[in-house]
Number of protein chains: 2
Amino acid sequence: MTRARARKQAEIRQANLQRILDAAEVVFSRRGLQGATIDEIAAGAGLPKANILYYFRSKQHLYRAVIDNIVQLWLSTLGDISPDHDPREALLHYVRLKVRLSKERPHASRVFAAEVLSGAPVIGRFLRTDLKRWVDRQAAVFRQWSRQGRMEPIEPRHLFFLIWAMTQTYADFEVQVQAVLGRRTLREADYARAERTIGALVLRGCGLVPRGPRRPNKS
Amino acid sequence: MTRARARKQAEIRQANLQRILDAAEVVFSRRGLQGATIDEIAAGAGLPKANILYYFRSKQHLYRAVIDNIVQLWLSTLGDISPDHDPREALLHYVRLKVRLSKERPHASRVFAAEVLSGAPVIGRFLRTDLKRWVDRQAAVFRQWSRQGRMEPIEPRHLFFLIWAMTQTYADFEVQVQAVLGRRTLREADYARAERTIGALVLRGCGLVPRGPRRPNKS
DNA sequence: GTCTATATCGAGATAGAC
DNA sequence: GTCTATCTCGATATAGAC
């Protein structure tokens with residue numbers, strides 16, 4: 001086999017893997033691990049059923065690959081918060097990123113949510129090790145800021161639980177938001193308003209001043 | 001058949017129905033609709049499998065009964081907010097009730113969450129009708145309070161999305177909270193802290209003063 | 001590497017004895 | 001009303017042709 005041909009095959013392989021992962025994310029988010037069928041994933045990916053099981057040994061293996069994919073996306077998008085940052089800017093930035101992820105990758109968010117909801121059988125270890133360490137690191141920064149009087153002493157770990165909950169609800173409970181707002185689909189304006197409202201709650205909750213005309217007179 | 005005997009049979013029937021509903025709630029919350037098996041529900045209820053299908057025509061019917069049960073619990077526990085109430089007290093009371101529901105009925109919360117997550121195939125109509133109307137009513141009260149200068153003009157419907165998200169995360173994402181806090185199970189102190197933290201965010205977010213020594217000097 | 005045909009199995013639902 | 005035995009079906013996974 002020529003080098004050119006080998007490279008072409010590798011490209012096809014990569015493309016197929018990505019198509020399968022993308023389709024699987026959608027189907028798992030709508031049907032759950034048990035409810036999803038390889039047939040439906042194959043249809044979504046535009047490939048015959050048997051090819052799915054050629055690339056991934058079993059439905060379980062495919063599911064783990066999807067979850068790993070999502071965790072990588074989360075970790076690569078959300079870096080660490082540095083003590084040098086301005087608390088107000090850092091919190092707003094984090095909220096903004098999380099809301100954007102909910103808008104851009106709602107299926108990923110819902111697959112993750114369903115996994116945790118059902119007891120995190122696959123991702124439990126990650127939560128107890130990497131995620132716990134990440135939160136502990138950020139919490140130390142927040143405590144430092146509190147000691148320096150740069151923000152109120154809100155319990156930092158619970159603050160993260162609440163920010164995650166608020167930002168992810170626009171992906172995970174999207175149909176409920178749509179139903180209550182009377183919309184067929186959420187618009188950019190809805191996410192912008194979500195971002196502002198969450199930002200206001202978080203900043204004021206931490207004793208920081210939201211942007212804009214609401215800043216009180218120092219006099 | 002004597003009257004006494006008929007009454008006894010009715011009692012057994014009621015007891016069995018309740019045992020099945022309770023067991024089903026737990027199994028559905030752990031496995032999802034598709035993942036749950038009638039066998040496991042029967043084992044949980046201490047009844048033979050066939051009896052489940054004697055009381056409920058099918059797994060789907062049982063699932064709908066569980067969902068209806070949960071909605072009834074929500075509606076009966078959380079009444080309407082009246083314009084006569086004090087905004088601060090009303091919001092704190094609502095947050096407290098929701099956190100208590102997450103603590104007392106985590107399985108119910110998770111079944112509901114999984115239903116909405118998967119697109120609300122069963123409960124969609126309820127969300128678009130009864131729930132929407134309920135939120136619209138409460139939103140009108142909040143807007144009135146804002147006009148009267150009794151609270152900041154936070155968008156009320158989003159405020160509900162955020163309160164729901166924050167309070168339910170302690171049930172729905174319980175394993176994640178446990179993992180990050182390094183606990184085997186959540187304690188009363190954890191729920192109390194959750195309640196305080198959510199209360200602080202919501203009150204300050206609405207321009208209301210949290211309780212206690214943090215009240216600023218008016219001077 | 002790709003796809004068709006099929007073995008296998010688990011689980012929902014039912015028939016019918018008690 | 002209750003329970004055992006069984007039917008039936010849908011979906012995973014595999015065997016093997018191409």
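Per chain, numbering begins at 1; letters A, B, ... match sequence-line order. Just so we're clear, the structure is a prediction, and the values are computed from it rather than from any experiment.
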**Student:** What is the distance, to the nearest angstrom, from the CD atom on Gln34(B) to the P atom on dA11(C)?
**Tutor:** 13 Å
**Student:** Whole-Å distance between dG10(D) C1' and Ile38(A) CD1?
**Tutor:** 13 Å
**Student:** Does this structure show an ion pair linking Glu155(B) with Arg157(B), if we count only N-O contacts that are shorter than 4.0 Å?
**Tutor:**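 Salt bridge present between Glu155(B) and Arg157(B).
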**Student:** Within the structure shown, what part of the strands sits under 4.0 Å from Ala42(A) by heavy-atom distance: base, sugar-phosphate, or nothing?
**Tutor:** nothing
**Student:** When the distance from CG of Leu33(B) to P of dG12(C) is rounded to whole Å, what number comes out?
**Tutor:** 10 Å
**Student:** With a 4.0 Å cut-off, would you call Arg100(A) and Glu188(A) a salt bridge?
**Tutor:**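 Looking at Arg100(A) and Glu188(A), the cut-off is met.
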**Student:** Out of dT12(D), dT4(D), dG12(C), which has the shortest distance to the side chain of Lys49(B)?
**Tutor:** dG12(C)
**Student:** Can you tell me if Tyr54(B) touches the phosphate of dT2(D), counting only side-chain N or O atoms and a distance under 4.0 Å to OP1 or OP2?
**Tutor:** no
**Student:** Please give, in whole Å, the distance from dG12(C) C1' to Arg31(B) CZ?
**Tutor:** 17 Å
**Student:** For the side chain of Ser58(B), starting at C-beta, report the closest nucleotide among dG12(C), dC3(D), dA13(C).
**Tutor:**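 In terms of side-chain proximity for Ser58(B), the closest of dG12(C), dC3(D), dA13(C) is dA13(C).
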**Student:** To the nearest angstrom, how far is Ile12(A) atom CD1 from dG1(C) atom C1'?
**Tutor:**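 One finds 10 Å between C1' of dG1(C) and CD1 of Ile12(A), rounded.
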**Student:** Rounded to whole Å, please give me the gap between CD1 in Ile20(A) and C1' in dC3(C).
**Tutor:** 14 Å
**Student:** Which of these nucleotides, dT14(D), dA13(D), dG1(D), is closest to any side-chain atom of Lys59(A)?
**Tutor:**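 Closest nucleotide to the Lys59(A) side chain: dA13(D).
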**Student:** Without decimals, in angstroms, what is the distance between Asp39(B) CG and dT4(D) C1'?
**Tutor:**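 Going from CG in Asp39(B) over to C1' in dT4(D) covers 13 Å.
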**Student:** Side chain of Asn16(B) only, heavy atoms from C-beta on: which candidate in dA13(C), dT14(D), dT2(D) is closest?
**Tutor:** dT2(D)
**Student:** Reading DNA chain D from 5' onward, which residue's closest nucleotide shows up sooner: Thr37(A) or Arg13(B)?
**Tutor:**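 Of the two residues, Arg13(B) wins.
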**Student:** Would you compute the distance between atom CG of Leu62(A) and atom OH of Tyr55(A) and round it to the nearest 0.5 angstrom?
**Tutor:** 13.0 Å
**Student:** Check every atom of dG12(C), dC3(D), dG1(C) against the side chain of Gln9(A) and return the nucleotide holding the closest atom.
**Tutor:** dG1(C)
**Student:** Taking Glu40(A) first and then Arg30(A), would you say they form a salt bridge - that is, a charged N and a carboxylate O separated by under 4.0 Å?
**Tutor:** yes
**Student:** Does Tyr94(B) have its ring centroid less than 6.0 Å away from the ring centroid of His85(B)?
**Tutor:** no
**Student:** Look at the side-chain N and O atoms of Tyr55(A) and state whether any lies under 4.0 Å from the OP1 or OP2 oxygen of dT2(C).
**Tutor:**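 For dT2(C), OP1/OP2 do have a side-chain N/O of Tyr55(A) under 4.0 Å.
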**Student:** Could you give the CG-to-C1' distance, from Leu53(B) to dC7(D), as a whole number of Å?
**Tutor:** 14 Å
